[in-house]
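This report concerns only the one structure given below.
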There are 2 protein chains.
Amino acid sequence: MSTPETEEQPMSATAPEGYDATAYPPFAVTVDLAIFTVRDGALKVLLIERADDPYAGAWALPGGFVEIDEDIPDAAWRELHEETGIDRFAGHLEQLGTYGTPGRDPRMRVVSVAHVAFAPDLPDPEAGSDARTARWFDVDDLDLPGLQGSHADADVALAFDHAIILADAVDRVAAKVEYTPLATSFVPEQFTLGELQHVYEAVWGTRLDRSNFRRWVKDSTGFVHPAAGTDRRRTAGTGRPAALYTADADGPTTLTPPFMRPADARARRPTQETS
Amino acid sequence: MSTPETEEQPMSATAPEGYDATAYPPFAVTVDLAIFTVRDGALKVLLIERADDPYAGAWALPGGFVEIDEDIPDAAWRELHEETGIDRFAGHLEQLGTYGTPGRDPRMRVVSVAHVAFAPDLPDPEAGSDARTARWFDVDDLDLPGLQGSHADADVALAFDHAIILADAVDRVAAKVEYTPLATSFVPEQFTLGELQHVYEAVWGTRLDRSNFRRWVKDSTGFVHPAAGTDRRRTAGTGRPAALYTADADGPTTLTPPFMRPADARARRPTQETS
DNA sequence: CCAAAAGTGTTCTCAGTACACCCATGT
DNA sequence: ACATGGGTGTACTGAGAACACTTTTGG
């Protein structure tokens, strides 16, 4: 942790040798969330429209202050619930990274712990729920730094450094579905293999061979299994009804072998070297 | 970012509706570093011995306060330099994650942005350099949560939540060498393929087939190439001298195909789901 | 001569790829 | 009938795994 190594190492001018517990540089700490869902075959992210300055009228990731006695994950789950109504454990939430460049918020020094959340297709946020607009955006319609395939509609300007955070978040999602069963977080509890395949195709922006996809999924241990009890089938428009599957609850957290996306799929941006 | 969404979302009691720029919960922000090197065929991490309470006598990751006008990567590089003398760009440094559970530092609310650094074999830290002990520890000699192979010598107690951070850091290192050329950050500028193989073996805690390793390395594009100019060879004790190689400077940041560690290698712990 | 490490080649196997074909349903 | 998507099987190919053998040095 970040134990103030008082006499062990020279502190900055703001926290000198004989410091007392209040003599440290005071930061504001917030959480920001990139909340993803897959819908209409596309990867969507939830953005809210800012009503006030700075960046009034711009779109931003939902987020807010961490309370002084609140753990960071708790703050993230709280924000997620406030924005989407998703209950704890009904979705997946993980830390993405921390963004704290001085000046990123013009008002004060803010360090934001960004998070990524996945959820099955969610309803449209209720516009009037708290006087502010919120919308699902197709990720490909946003102009994100370092991401190809952006046929940027970009009349959507993102506030603060949220374009960077969101680009990192998209990379994270694409990478995680490769070696974890997290793709199942994007589909309802019971799902068809076709639906699951659509998740991969949306996240990676590529097309997969149906036959090989099925074989890989069914050969992966601890990933999915035929839906218990009612072995019914579900229709998805036209065509033959599909068998239903469920995610293995006790499955491993990393898939072996991983499902590698084809090399031509959406390029992975490297982890930011902090240089 | 974490823009305080003033009227957009209800703030906590500490940052209520009509807040002013000073009315936010004040946090201390620090950086902690897990600095790794490979030596004697083992993965080593640099720890410092705490002289004072809390956790006097315990070992801890080096770290310190972020200054109020200092960017987080700058603070991490500064700490790295103070601890090891490594200059910017002479090693690899990246953000690992942020740890901010209330009470992790008994004195105040501290949020620490942990980092991972790789460097070639470094000299022993000078004990007298600033009155405090610092040592390289074999990672396998530490008792880290969720990591197998710990024949824990564990008379070494880690301060704060540093055991958790360090365990996460070890995972990160193991995962990164799989799909990035970062293993070359652990060896000198000119190195033999045997030395490079030792890095993988140390990080993964496994043995690799020499022949297959060479083939994979040489077939990977943008990874290594024969040492320029002097095509000399270097001896490593006894045996035939080996050809020298250099990392491709302009290489890709992700290797294709990745070099998968064998399934029996040190298990990867999943990304912490923030639940 | 022997040990140790570098360097080269060869076989075997299995997973990913591509593709062909049948099945069940809606219109 | 035909379009649409589900479901199954098969042949091809290339990369990883295992292992045998040669080369160059120090002792």
Side-chain angles (χ1 to χ4, degrees), chain A residues 38 40-41 177-179 187-188 190-202 204 206-221 223-227 231-246 254-265, chain B residues 40-41 177-179 187 190-202 204 206-221 223-227 231-246 254-265:
Chain A
V38 170
D40 308 325
V177 293
E178 246 182 2
Y179 60 92
V187 290
Q190 302 211 336
F191 53 89
T192 69
L193 294 187
E195 290 167 341
L196 189 61
Q197 181 175 344
H198 288 330
V199 170
Y200 282 88
E201 291 177 335
W204 288 343
T206 190
R207 295 247 130 216
L208 300 172
D209 182 275
R210 205 162 32 86
S211 175
N212 297 329
F213 180 80
R214 307 181 123 269
R215 185 155 47 86
W216 170 72
V217 168
K218 300 175 85 170
D219 287 353
S220 294
T221 58
F223 189 14
V224 304
H225 58 87
D231 54 340
R232 4 164 199 134
R233 337 190 121 234
R234 174 208 280 175
T235 173
T238 178
R240 173 176 174 175
L244 288 177
Y245 289 83
T246 315
T254 110
L255 292 176
T256 42
F259 189 38
M260 300 297 292
R261 68 191 119 168
D264 63 308
Chain B
D40 308 325
V177 293
E178 247 181 1
Y179 60 91
V187 290
Q190 301 210 336
F191 53 89
T192 70
L193 294 187
E195 290 167 341
L196 190 61
Q197 182 175 343
H198 288 329
V199 170
Y200 281 89
E201 290 178 337
W204 289 343
T206 189
R207 295 246 129 215
L208 300 173
D209 182 273
R210 209 162 30 84
S211 176
N212 297 329
F213 180 81
R214 304 182 126 267
R215 185 155 47 86
W216 170 72
V217 168
K218 301 175 83 171
D219 287 354
S220 293
T221 58
F223 190 13
V224 304
H225 58 86
D231 55 340
R232 2 165 201 132
R233 337 189 120 236
R234 173 207 281 175
T235 172
T238 178
R240 173 176 174 176
L244 289 176
Y245 290 82
T246 315
T254 112
L255 292 176
T256 41
F259 188 38
M260 299 298 290
R261 68 191 120 168
D264 63 308

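Lettering follows sequence order; numbering is per chain, from 1. The structure displayed is predicted, hence computed values, not measured ones.
Residue B:Arg215 is the one, among B:Arg215 and A:Arg215, whose nearest nucleotide of DNA chain C lies closer to the 5' end (criterion: closest heavy atom). Between B:His198 and B:Asp209, it is B:His198 whose nearest contact on DNA chain C lies nearer the 5' terminus. Nearer to the 5' terminus of DNA chain D, by closest-nucleotide assignment, is the contact made by A:Thr192 (compared with the other of B:Asn212 and A:Thr192).
The side chain of B:Lys218 contributes no N or O atom lying less than 4.0 Å from OP1 or OP2 of C:dG7.
Of all nucleotides listed (C:dG16, C:dG7, D:dT8), C:dG16 comes nearest to the side chain of A:Trp216. Closest contact between the side chain of B:Thr238 and the listed nucleotides C:dA18, C:dG7, C:dA3 involves C:dA3. You'll find that the side chain of B:Arg240 is closest to C:dA5, out of D:dG16, C:dA5, C:dA24.
For the pair B:Leu208 CG and D:dG16 P, the interatomic distance rounds to 13 Å; values are reported in whole Å. With rounding to whole Å, B:Gln197 atom CD is found 8 Å from C:dA6 atom P. Atom CZ in A:Phe213 sits about 15 Å away from atom P in D:dT8, given to the nearest Å. Following rounding to the nearest Å, B:Arg214 (CZ) and D:dG16 (P) show an atom-to-atom distance of 16 Å. Separating the CG atom of B:Asp219 from the P atom of D:dA17 is a distance of 14 Å, rounded to the nearest angstrom. In this structure, A:Arg207 atom CZ and C:dC19 atom P are separated by 16 Å, rounded to whole Å.
When atom types are taken as modelled, the side chain of A:Gln197 and the backbone of A:Leu208 share a donor-acceptor pair closer than 3.5 angstrom.
For a distance-only test at 3.5 Å, the side chain of B:Ser211 fails to qualify as a donor-acceptor partner of the base of C:dG7. Judged by distance alone with a 3.5 Å cut-off, a donor-acceptor contact links the side chain of B:Arg210 to the base of C:dG7.
Between A:Tyr200 and A:Trp204, the two ring planes are perpendicular [angle over 60°; tilted spans 30° to 60°].
A heavy-atom distance below 4.5 Å is found between the side chains of A:Lys218 and A:Tyr245.
A:Gln190 approaches A:Thr246 most closely through the heavy-atom pair NE2-OG1, 4.5 Å.
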